Amino acid sequence: MTSADPAPRTRTPADPVPEAPWEQAPRIPPLPPEKWPKEMTAVLAALRPPNPRHPLPGRRPDRPRGLNALGTLARHPALAEAFHRFNGHVLFATTLSVRQRELLVLRVASVRGALYEWEQHAVLAGDAGVTPEEVARVADGPDASGWDPLERAMLCAVDELLARARIADATWAVLSTELDERQLMDLVFTVGAYDALAMAFKTFGVELDDDLLRKNR
């Protein structure tokens, strides 16, 4: 770390998402699927990039469907389609591994206290081979024991981006020894994409879907 870099914010061990669930009616209520506008067909298609590097999700009854998030986005199809083109790259065309992507997203959700984002991606992380112990450890942050140097640096990068909008020089040095330029860019844009979603979900009051609530019982 150079003298130009402020000390990164440190976090003490915490529950995965420190904030309580939303206890008010949603500010922007989600539309049920039967009331989605016809433009939602293009919105959903936009999430699938033309040349994916990672498998697209299959239709499985035990996977969360994200209907409250999608139903909220259905209120603004033009915005949703534009964001989905970006998010489709982050999810399925990123040069990062799926495990790396999910660790980044979970750390954003933990730092931002974004319950909906956390619960959705705890499931996706498990699909990517992240163990329940590792999912819980993300909330303890980069200083928790058990991370390899690269994953520790990636979690540090999330904290630094959310606190200062800049990855510190010492963290960048570790990342750049193992990640190429495109991977480094994908890292920053992954954090930005899911920080934007955390803001949206929390501000609009997106509630947990029934399928996520059932998984937590």
Side-chain angles (χ1 to χ4, degrees), residues 15-94 98 101-102 104-110 112-130 132 135 189-217:
D15 291 334
V17 177
E19 289 197 5
W22 186 269
E23 295 179 353
Q24 308 171 33
R27 289 171 171 167
I28 301 180
L31 292 173
E34 64 271 17
K35 293 188 178 180
W36 287 359
K38 64 181 185 303
E39 292 89 349
M40 284 299 287
T41 301
V43 169
L44 296 174
L47 197 57
R48 296 171 174 261
N51 297 299
R53 288 186 174 88
H54 304 295
L56 299 172
R59 294 181 178 273
R60 289 172 48 188
D62 62 334
R63 306 333 287 149
R65 299 171 64 194
L67 292 181
N68 283 344
L70 290 170
T72 303
L73 292 173
R75 299 277 187 181
H76 195 342
L79 171 64
E81 183 176 354
F83 184 79
H84 268 190
R85 291 196 185 282
F86 171 37
N87 201 36
H89 171 86
V90 169
L91 285 171
F92 306 120
T94 179
V98 177
R101 180 198 74 202
E102 289 306 312
L104 294 172
V105 175
L106 285 172
R107 187 58 185 166
V108 173
S110 178
R112 290 303 192 216
L115 181 62
Y116 191 94
E117 190 167 85
W118 176 272
E119 294 292 348
Q120 287 277 348
H121 283 271
V123 175
L124 295 177
D127 292 344
V130 182
V135 169
F189 278 90
T190 299
V191 174
Y194 281 90
D195 193 25
L197 281 175
M199 294 177 194
F201 291 161
K202 293 182 67 176
T203 298
F204 304 155
V206 177
E207 298 175 312
L208 290 182
D209 301 286
D210 288 343
D211 51 16
L212 286 174
L213 290 171
R214 286 194 296 270
K215 281 184 173 295
N216 291 329
R217 287 174 186 158

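All figures in this text were calculated on a predicted structure; none of them were measured in a lab.
- Glu117 contributes atom CD, which lies 11.0 Å from atom CG of Leu124 (distance to the nearest 0.5 angstrom).
- In this structure, Tyr194 has its ring center closer than 6.0 angstrom to the ring center of His121.
- Counting heavy atoms from C-beta outward, Phe204 and Pro26 have side chains that stay 4.5 Å or more apart.
- Here the closest heavy-atom approach between residue Ala74 and residue Met40 is recorded as CA-SD, 3.6 Å.
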| request: Could you please spell out the steps behind the side chain to side chain contact (heavy atoms under 4.5 Å, CB included) verdict for Leu31 and Arg75? | output: CA-CA 7 Å; Leu31 292 173; Arg75 299 277 187 181; 3.5 Å; yes
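- The shortest non-hydrogen separation linking Pro55 to Phe92 is O-CD2, 3.6 Å.
- The minimum heavy-atom distance between Gln120 and Leu212, with the atom names listed, is NE2-CD1, 3.5 Å.
- If you take CD on Glu207 and CD on Gln24, they are separated by 10.0 Å, rounding to the nearest 0.5 Å.
- Note that the CG atom of Asp211 and the CD atom of Glu119 stand 11.0 Å from one another [nearest 0.5 Å].
- Residues Asn68 and Pro30 come closest through the heavy atom pair O-CB, 3.5 Å.
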| Residues Phe83, Leu47; criterion side chain to side chain contact (heavy atoms under 4.5 Å, CB included); working and verdict | CA-CA 9 Å; Phe83 184 79; Leu47 197 57; over 6 Å; no
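- Within the model, atoms CG of Asn87 and CG of Leu197 stand 5.5 Å from one another, a figure rounded to the nearest 0.5 Å.
- Around CZ of Phe86, the count of heavy atoms belonging to other residues, nucleotides or ligands within 6.0 Å exceeds 12.
- The backbone N or O of Ala93 lies less than 3.5 Å from a partner atom in the side chain of Arg53, making a donor-acceptor pair.
- Here the rule is side-chain contact (heavy atoms from CB on, under 4.5 Å) with Trp36, and of Val43, Leu67, Thr41 only Leu67 fits it.
- The distance from the CG atom of Leu208 to the CZ atom of Phe201 is 11.0 Å, given to the nearest 0.5 Å.
- For Leu106 against Ala125, the heavy-atom pair with the smallest separation is CD1-CB, 3.8 Å.
- In terms of heavy-atom proximity, His84 sits nearest to Leu73 at NE2-CD1, 3.9 Å.
- Arg65 has no carboxylate O lying under 4.0 Å from a charged side-chain N of Asp209, or vice versa, which leaves the two without a salt bridge.
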